[in-house]
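Here is the structure we will look at, set down as structure tokens.
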There are 2 protein chains.
Amino acid sequence: MVCSPAHIASQIRERGFRLTPQRMAILNALHESGDHLLPLEIFEKASASLPGITEPTIYRTLDFLVENGFVSVTHVRGRRLEYELTQHKHHHLVCSVCGLEEELSHEWLQPFRDQLEQITGFSLTEDQITFTGLCRHCK
Amino acid sequence: MVCSPAHIASQIRERGFRLTPQRMAILNALHESGDHLLPLEIFEKASASLPGITEPTIYRTLDFLVENGFVSVTHVRGRRLEYELTQHKHHHLVCSVCGLEEELSHEWLQPFRDQLEQITGFSLTEDQITFTGLCRHCK
DNA sequence: TTATGTGCAAAGCATTTGCACGCTT
DNA sequence: AAGCGTGCAAATGCTTTGCACATAA
């Protein structure tokens, strides 16, 4: 179970990959923000701690981290995807009027996940969930 | 409750928007495919029934349809978003190894949706859900 | 020492924008 | 007749790729 940049770092090595300053800078950027970020935002934050890092590296590293399950892709709104550490097991609840965004804990959905595994035969590793609606103020 | 291109068409007019051949071509393309499509795929399918339709129109129309809740945005895999008629109330279950994709019915989630509305005070209108895992064959 | 991972620079595309015209209402 | 919505063409800018070099192991 993934849980922090340091822990992911050791996982990366354990799986036989190299631990580079670029990968750490990106993991730290995501961790410090604690939020979902656009590739450009990740580039800017990572640049602060590691000047010289380039955008191609951001994209290649994100692909690498997603493939290995350390980072998750999220679609909240608009036509852009965002990235966040997989450790933040939560989902999104967005108001379509004012944009208010709340988090939904992972545990909350666990009963459903269990039921789903039983019926479909799948063994679930990730999920990407966004609910959209009107918040208490806007409805 | 949205349910077919024809029904969406009347909704569009009811809300004071214009019903154009382009909007219908896009709705029909999504309906006939019955699946989630990339903007380019929508462009190609819509072009078949309405030669001359352009890509900017695809994007503007998709934005319009999404804003009005007729179409939903989905992220299944990779770095691209796909679109589908909101009427197809289902979600995705994807195998990360072989890519097998199954559908999850909307009704499944209804109890959770009800509970969620009660707890958060939100009034839900849409949801975008993708579960990823290993299917029965790959695990 | 080795070959993985990054920087650099350029190419490739998806997406957006401005403006004039056509078409729905 | 009026103005919303589209076509056209170009601009934008995100994302990808090839290649040589640096560096983690």
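Naming: A, B, ... by sequence-line order, numbering from 1 per chain. Not measured: the values here are computed from a predicted model.
What separates CG of A/Asp63 from P of C/dG5 is a distance of 13 Å, to the nearest Å. Rounded to a whole Å, the CD atom of A/Gln22 is 9 Å from the C1' atom of C/dG7.
The nearest heavy atom of DNA chain C to B/Glu55 and to B/Phe17 marks one nucleotide each, and the one closer to the 5' end goes with B/Glu55. Where B/Gly16 and B/Pro56 each meet DNA chain D at their nearest nucleotide, the meeting point lying more 5' is that of B/Gly16.
A distance of 7.5 Å separates CD of B/Glu84 from CG of B/Asp35, quoted to the nearest 0.5 Å.
With A/Phe64 as the aromatic partner, A/Arg23 meets the cation-pi criteria of under 6.0 angstrom to the ring centre and within 45 degrees of the ring axis.
A salt bridge does not link A/Glu82 to B/Arg79: none of the charged side-chain nitrogens sits closer than 4.0 Å to a carboxylate oxygen.
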Contact list (N/O, under 3.5 angstrom) for nucleotides 19-23 of chain C vs protein:
none

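Under 3.5 Å, the side chains of A/Gln118 and A/Asp114 contain no donor-acceptor pair of N or O atoms.
Residue contacts shown for B/Phe64 are absent, as no nucleic acid heavy atom lies under 4.0 Å away. Residue contacts for A/Leu40: at a heavy-atom cut-off of 4.0 Å it reaches no nucleic acid atom on any strand shown.
Between chain A and DNA chain D, the heavy-atom contact criterion of under 4.0 Å yields a 5' to 3' nucleotide range of D/dC14 to D/dA25.
Taken together through direct or relayed side-chain contacts under 4.5 Å among Ile, Leu, Val, Met, Phe, Trp and Tyr, A/Val73 and A/Leu38 form parts of separate hydrophobic clusters.
Of the possible polar contacts, one joining the A/Ser49 side chain to the A/Ala46 backbone as a donor-acceptor pair under 3.5 Å is found.
Remark: A/Thr54 is not in phosphate contact with C/dT6, judged by side-chain N or O atoms under 4.0 Å from OP1 or OP2.
Within residues 74-83 of chain B, the residues having any heavy atom closer than 4.0 Å to DNA chain C are, in order of number, B/Arg80.
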